[in-house]
Amino acid sequence: MRLPADQMKAWELLNQAIDNAEEQIPCTNFPDLFFPEKTDGDSGNQAKKMCRSCPVQAQCGIYAIQYELHGVWGGLSSMQRKELRKLRG
């Protein structure tokens, strides 16, 4: 599956930020934590806590609000991102 051009550009920018980060990116070491079966309950809390110390949390969250439907991204669950999308209109 090929990503739409705007999403591909956003994905590349996020990956560039990850590559340039001087600190460890938590999701690269524990990817299973960031895609639990349920992210609206306690199962995503450990991933959310790890996101708080991530140097690319803001970029990740911005990308995910626009493009990702599943998992914990930028410290936000799929339900939290869905609510933010509703607020943005």
Side-chain angles (χ1 to χ4, degrees):
M1 181 175 99
R2 186 173 172 108
L3 298 176
D6 61 330
Q7 185 176 0
M8 179 59 80
K9 179 67 175 170
W11 179 251
E12 289 170 355
L13 290 172
L14 175 58
N15 279 283
Q16 183 178 18
I18 290 168
D19 291 343
N20 292 334
E22 295 180 12
E23 299 173 41
Q24 186 65 29
I25 309 299
C27 61
T28 59
N29 289 327
F30 306 100
D32 292 348
L33 287 177
F34 292 83
F35 291 93
E37 289 186 28
K38 293 178 83 177
T39 57
D40 54 351
D42 291 338
S43 58
N45 286 342
Q46 188 173 2
K48 290 179 186 180
K49 288 177 186 175
M50 293 174 85
C51 286
R52 291 183 198 140
S53 64
C54 181
V56 298
Q57 179 184 8
Q59 296 99 319
C60 184
I62 290 166
Y63 169 82
I65 289 168
Q66 190 165 357
Y67 298 111
E68 292 297 334
L69 300 178
H70 306 288
V72 174
W73 292 75
L76 301 167
S77 70
S78 57
M79 294 299 292
Q80 290 170 315
R81 292 192 309 276
K82 183 177 179 179
E83 290 299 317
L84 288 171
R85 285 185 205 107
K86 284 182 188 178
L87 291 173
R88 285 179 30 174

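Minimum heavy-atom separation, R85 to I65: NE-O, 2.5 Å. When all heavy atoms of L33 and M50 are compared, the pair lying nearest together is CD1-SD, 3.7 Å. Of all non-hydrogen atoms in F34 and C51, the two that sit nearest each other are CE2-SG, 3.6 Å. The two residues P55 and A21 make their nearest non-hydrogen contact at CG-CB, 3.8 Å. Between N29 and Q24, the closest heavy-atom pair is ND2-NE2, 2.7 Å. Nearest heavy atoms, Q80 versus G75: OE1-O, 3.8 Å.
In this structure, SG on C60 lies 9.0 Å from CD1 on I25, to the nearest 0.5 angstrom. Remark: L14 CG to D19 CG distance equals 9.5 Å, nearest 0.5 Å. The CZ atom of R88 sits 6.0 Å away from the CD atom of Q66 when rounded to the nearest 0.5 Å. Here the NZ atom belonging to K82 is positioned 12.5 Å from the CG atom belonging to L84, to the nearest 0.5 angstrom. In this structure, the separation between CZ on R2 and CE on M8 is 6.0 Å, given to the nearest 0.5 Å.
Between E12 and K9, none of the side-chain N atoms (NZ, or NE/NH1/NH2) sits under 4.0 Å from a carboxylate O, so this pair counts as no salt bridge.
Side chain of R81 to main chain of G71: a donor-acceptor pair is present (N/O by atom type, distance under 3.5 Å, no hydrogens or angles). Proximity of a side-chain donor or acceptor of Q57 to a complementary backbone N or O of C54 within less than 3.5 Å is not detected.
Each of L13 and W11 belongs to its own hydrophobic cluster when Ile, Leu, Val, Met, Phe, Trp and Tyr are linked at side-chain heavy-atom distances under 4.5 angstrom. Cluster annotation: V56 and L76 are assigned to distinct hydrophobic clusters (Ile/Leu/Val/Met/Phe/Trp/Tyr, side-chain heavy-atom contacts under 4.5 Å, transitive).
Classified by interplanar angle (parallel below 30°, tilted 30° to 60°, perpendicular above 60°), the ring pair W73/Y63 is tilted.
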